[in-house]
Chemist: 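Below: one structure in structure tokens.
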There are 2 protein chains.
Amino acid sequence: MTDHQGISDLLQERGIQPSAQRVAIARHVLRTDGHPTADEVLAQVRRSFPMVSRATVYNTLKLFVAKGLLRTCQFEGGVTVYDANVGRHHHFIDAATGEIHDVPWEALDVRGAEELAGFQVDSWMVVMRGRRRDDPGA
Amino acid sequence: MTDHQGISDLLQERGIQPSAQRVAIARHVLRTDGHPTADEVLAQVRRSFPMVSRATVYNTLKLFVAKGLLRTCQFEGGVTVYDANVGRHHHFIDAATGEIHDVPWEALDVRGAEELAGFQVDSWMVVMRGRRRDDPGA
DNA sequence: GTGATAACCTAGACTTGGTCCAGACATGGA
DNA sequence: TCCATGTCTGGACCAAGTCTAGGTTATCAC
Ligand SMILES: [Mn+2]
Ligand SMILES: [Mn+2]
Ligand SMILES: [Zn+2]
Ligand SMILES: [Zn+2]
């Protein structure tokens with residue numbers, strides 16, 4: 001799924017013309033479990049594809065979102081981040097580093113969201129803040 | 001609490017010099033249950049105080065946040081909104097209008113956030129998206 | 001009251017994340 | 001091969017937010 005041919009096929013399945021730029025961007029943004037900003041993706045992609053333009057990165061990320069390969073999130077700093085994890089999940093934000101970590105949907109139990117009076121709730125997410133614990137086993 | 005004298009006293013209690021500009025800003029941002037942006041506050045305040053500068057509004061909102069009178073939130077559009085409700089609560093975002101509505105803390109039951117493996121969770125909030133239901137009683 | 005000092009405010013320049021556009025380049029079908 | 005369409009590029013542009021230099025206002029000592 002992360003090799004050049006596999007990425008190209010994946011884009012085509014979603015009706016996206018697999019241009020060289022789009023494949024290069026997809027390689028960086030679809031294979032990470034991080035939450036990079038557009039400019040971080042641009043910097044990363046330029047290391048192997050220096051001529052790519054900023055407009056193309058922004059346009060391509062938008063296209064991937066429209067085609068369901070990515071989603072966007074906004075937590076703090078007024079910056080949009082891209083998330084390759086498009087399934088339901090929650091987020092933990094490390095207040096010390098600003099890092100965003102995914103939290104599995106099953107790790108939490110949210111009750112009452114569906115039957116909220118006055119609102120038709122289509123989706124929800126828990127956003128947690130705190131500090132990552134030093135992993136004692138690592 | 002919303003008249004000029006009351007606002008002035010409130011600011012002084014928090015160690016904030018109650019200048020005319022600060023009182024005018026406080027009147028608009030502390031008495032609403034909406035979630036206005038800084039530029040919305042600026043526009044609103046200017047109707048009764050035309051000479052107030054953008055820098056003063058931004059600085060004053062930051063000061064109010066530092067003093068615990070306001071909090072900031074970022075949901076979408078890469079814009080910071082200010083929330084006079086500084087207690088624990090959740091948020092519902094109307095996908096059609098972009099409006100942000102407060103949801104009382106007790107309306108939802110979230111379990112598992114405190115004992116999340118690997119993270120020390122200090123706070124959390126549920127962010128819901130959907131549409132506001134037409135209120136049939138109104 | 002007068003003057004010194006600190007606090008506060010203003011206008012506008014600046015930064016930055018993001019969009020838009022006009023022209024260049026690539027692709028694919030007739 | 002030619003044309004139509006799709007894609008990409010660089011740079012101008014926009015909008016939210018910050019910074020700064022200088023002016024105004026409040027506070028306090030005398
Ligand atoms: Mn950047
Ligand atoms: Mn911005
Ligand atoms: Zn995520
Ligand atoms: Zn709120």
Side-chain angles (χ1 to χ4, degrees), chain A residues 7-8 11-12 14-29 35-46 48-67 69-83 98 100, chain B residues 4 7-9 11-12 14-29 35-46 48-67 69-83 98 100:
Chain A
I7 292 268
S8 182
L11 297 187
Q12 249 163 337
R14 302 284 180 132
I16 301 169
Q17 201 75 327
S19 71
Q21 290 89 339
R22 288 172 177 173
V23 171
I25 292 164
R27 289 173 67 83
H28 288 288
V29 83
H35 297 75
T37 67
D39 281 342
E40 282 166 3
V41 173
L42 175 63
Q44 191 78 2
V45 169
R46 275 193 171 157
S48 58
F49 201 138
M51 290 308 294
V52 77
S53 77
R54 214 160 79 98
T56 294
V57 170
Y58 276 87
N59 288 338
T60 300
L61 291 172
K62 265 195 170 179
L63 178 64
F64 288 177
V65 170
K67 297 295 186 178
L69 290 170
L70 285 180
R71 70 159 64 163
T72 58
C73 310
Q74 266 134 21
F75 295 112
E76 30 212 274
V79 185
T80 298
V81 302
Y82 291 86
D83 192 343
I100 301 162
Chain B
H4 188 289
I7 291 266
S8 182
D9 291 349
L11 296 187
Q12 248 162 336
R14 301 284 181 132
I16 300 169
Q17 203 72 331
S19 71
Q21 289 89 339
R22 288 173 177 172
V23 171
I25 293 165
R27 287 175 67 86
H28 288 289
V29 83
H35 296 75
T37 67
D39 281 339
E40 283 166 3
V41 173
L42 174 64
Q44 192 78 1
V45 169
R46 275 193 171 156
S48 58
F49 201 138
M51 289 309 293
V52 77
S53 76
R54 216 159 79 96
T56 293
V57 170
Y58 275 86
N59 288 338
T60 300
L61 292 172
K62 265 194 169 180
L63 179 65
F64 289 176
V65 170
K67 297 295 187 179
L69 290 170
L70 286 179
R71 69 160 62 165
T72 59
C73 310
Q74 266 134 22
F75 296 113
E76 29 212 271
V79 185
T80 297
V81 301
Y82 291 86
D83 192 343
I100 300 161

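Computed from heavy atoms alone, side chains included, the values below leave out hydrogens, waters and symmetry copies.
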Chemist: Does any N or O donor sit under 3.5 Å from an N or O acceptor when you compare the side chain of A:R54 with the base of C:dG18?
Modeler: yes
Chemist: When the distance from CG of A:L63 to C1' of D:dG6 is rounded to whole Å, what number comes out?
Modeler: 12 Å
Chemist: Kindly give the heavy-atom pair with the smallest separation between A:R22 and A:F64, and that separation in Å.
Modeler: O-CZ, 3.7 Å
Chemist: Would you say D:dT9 has OP1 or OP2 under 4.0 Å from some side-chain N or O of A:Q21?
Modeler: yes
Chemist: Quick one: on DNA chain C, does B:R46 or B:Q17 contact a more 5' nucleotide (nearest heavy atom)?
Modeler: B:Q17
Chemist: Hey, does the side chain of B:S53 come within less than 4.0 Å of C:dT10's phosphate (OP1/OP2), counting only N and O?
Modeler: yes
Chemist: D:dG17 phosphate, OP1 or OP2: any side-chain N/O from B:T80 under 4.0 angstrom?
Modeler: yes
Chemist: Do A:V41 and A:Y58 make a side-chain contact, defined as non-hydrogen atoms from C-beta onward lying under 4.5 Å apart?
Modeler: no
Chemist: Taking CG from B:L42 and P from D:dA16, how many angstroms apart are they, rounded to a whole number?
Modeler: 11 Å
Chemist: If you look at every strand shown and take non-hydrogen atoms under 4.0 Å, does A:S19 touch a base, only sugar-phosphate, or nothing?
Modeler: sugar-phosphate
Chemist: In whole angstroms, how far is the C1' atom of D:dT9 from the CZ atom of A:F49?
Modeler: 11 Å
Chemist: Students often get this wrong, so: under 4.0 angstrom with heavy atoms, is B:D39 touching a base, only sugar-phosphate, or nothing?
Modeler: sugar-phosphate
Chemist: To check you understand the geometry: which heavy-atom pair defines the closest contact between A:V29 and A:P36, and what is its length?
Modeler: CG2-CG, 4.2 Å
Chemist: Check the distance between D:dA16's C1' and B:F75's CZ and give it to me in whole angstrom.
Modeler: 18 Å
Chemist: Atom CD1 of A:I16 and atom C1' of D:dC8: how far apart are they, to the nearest Å?
Modeler: 16 Å
Chemist: Between A:Q74 (side chain) and B:G77 (backbone), is there a donor-acceptor pair under 3.5 Å?
Modeler: yes
Chemist: Mind calculating the distance between OH (B:Y58) and P (C:dT16) to the nearest angstrom?
Modeler: 16 Å
Chemist: Give the rounded distance in Å between these two atoms: CG of B:N59 and C1' of C:dA11.
Modeler: 13 Å
Chemist: Can you tell me if the side-chain N/O atoms of A:K62 get under 4.0 Å from OP1 or OP2 in C:dG18?
Modeler: no
Chemist: Name the one of B:L42, B:V79, B:T80 that satisfies side-chain contact (heavy atoms from CB on, under 4.5 Å) with B:T37?
Modeler: B:V79
Chemist: What's the CG-P distance between B:L61 and C:dC9, to the nearest Å?
Modeler: 12 Å
Chemist: Report the nucleotide, chosen from D:dG10, C:dG18, D:dT20, that has the shortest atom-to-atom distance to any side-chain atom of A:A55.
Modeler: D:dG10
